[in-house]
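Have a look at the structure that comes next, please.
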Amino acid sequence: MTRARLPRPHEVAVARRDPRLLAAIDEQHADEAWRTRSACRTVDPEMFFPAPNEPSDAALALCRACDVRGPCLAWALTVGDCHGVWGGTTPRERRAMLVAWNERARPDDRSADPVRDRPGEDGLRPSPLVPAGR
Ligand code: SF4
């Protein structure tokens, strides 16, 4: 069994702005029955758990066509699952996202509103996932 390394700071910084993570934040409570609409419900689950030296391309392609990527990724981040493909992300991507996801639960971040504080079209409003000064 290989040991996963911790995400590097630049990977976490990228993850904080990742549209997949922002969608997971927005949609985390939007569809409690998301599993019933998953594109992978009739697919062999093994496809989503490739060996470390195997590509995840087939699973990621299916995720891209799935309507419930946001809730799926939110679930994986909530339970801290870093195995397999969830919500169109690989375990390595999710480890970095998990740092950003967990930052939201810190007491000093509780006043942040993910919708209110998301960057606008102009990109000028701060994101709750991006610490001030970055
Ligand atoms: S996003 Fe991917 S892993 Fe999640 S339910 Fe859809 S197809 Fe399955």
Side-chain angles (χ1 to χ4, degrees):
M1 182 173 172
T2 56
R3 192 171 164 176
R5 67 169 176 75
L6 291 172
R8 297 192 167 99
H10 75 273
E11 292 172 317
V12 176
V14 169
R16 287 187 186 106
R17 297 171 174 81
D18 192 307
R20 294 170 298 180
L21 177 62
L22 297 176
I25 292 168
D26 282 350
E27 300 168 17
Q28 62 182 312
H29 303 300
D31 185 357
E32 299 298 335
W34 61 269
R35 281 183 176 84
T36 63
R37 299 193 300 116
S38 65
C40 59
R41 66 187 180 280
T42 58
V43 175
D44 183 353
E46 288 296 315
M47 184 172 126
F48 288 80
F49 297 92
N53 58 344
E54 292 178 353
S56 306
D57 299 358
L60 292 170
L62 190 57
C63 289
R64 280 193 289 276
C66 181
D67 290 335
V68 294
R69 278 173 299 186
C72 175
L73 177 55
W75 178 86
L77 293 169
T78 299
V79 300
D81 192 321
C82 284
H83 299 283
V85 170
W86 293 95
T89 62
T90 64
R92 182 173 178 173
E93 291 171 323
R94 225 164 35 255
R95 279 191 286 276
M97 288 182 180
L98 197 52
V99 174
W101 181 267
N102 288 335
E103 286 171 346
R104 299 164 57 250
R106 284 193 207 147
D108 57 323
D109 288 345
R110 287 203 176 130
S111 63
D113 180 328
V115 175
R116 180 198 65 210
D117 297 339
R118 275 185 70 169
E121 293 289 332
D122 56 8
L124 297 177
R125 279 181 285 150
S127 165
L129 299 175
V130 181
R134 293 200 180 176

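Residues: numbered from 1 along the sequence shown. Note that ligands are numbered from 1 as they come in the structure, with each ligand's atoms numbered from 1 the same way.
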Is there a donor-acceptor pair under 3.5 Å between the side chain of Arg20 and the backbone N or O of Gly88?
yes

Set of residues satisfying side chain to side chain contact (heavy atoms under 4.5 Å, CB included) with respect to Glu32, sequence neighbours excluded:
His29

Arg37: which residues meet the salt bridge (Lys or Arg N to Asp or Glu O under 4.0 Å) condition with it, sequence neighbours left out?
Asp31

Using a cut-off of 2.8 Å, count how many protein N, O or S atoms are strictly closer to atom 2 (Fe) of ligand 1.
1

Would you call Leu73 and Met97 a side-chain contact if the rule is heavy atoms closer than 4.5 Å?
yes

Sequence neighbours left out, cut at 3.5 Å: what donor-acceptor pairs do the side chains of residues 51-64 make with other protein atoms?
from, atom 1, to, atom 2, distance (Å)
Glu54, OE1, Ala51, N, 3.2

May I ask you to decide if Asp81's main-chain N or O and Arg94's side chain share a donor-acceptor pair within less than 3.5 Å?
yes

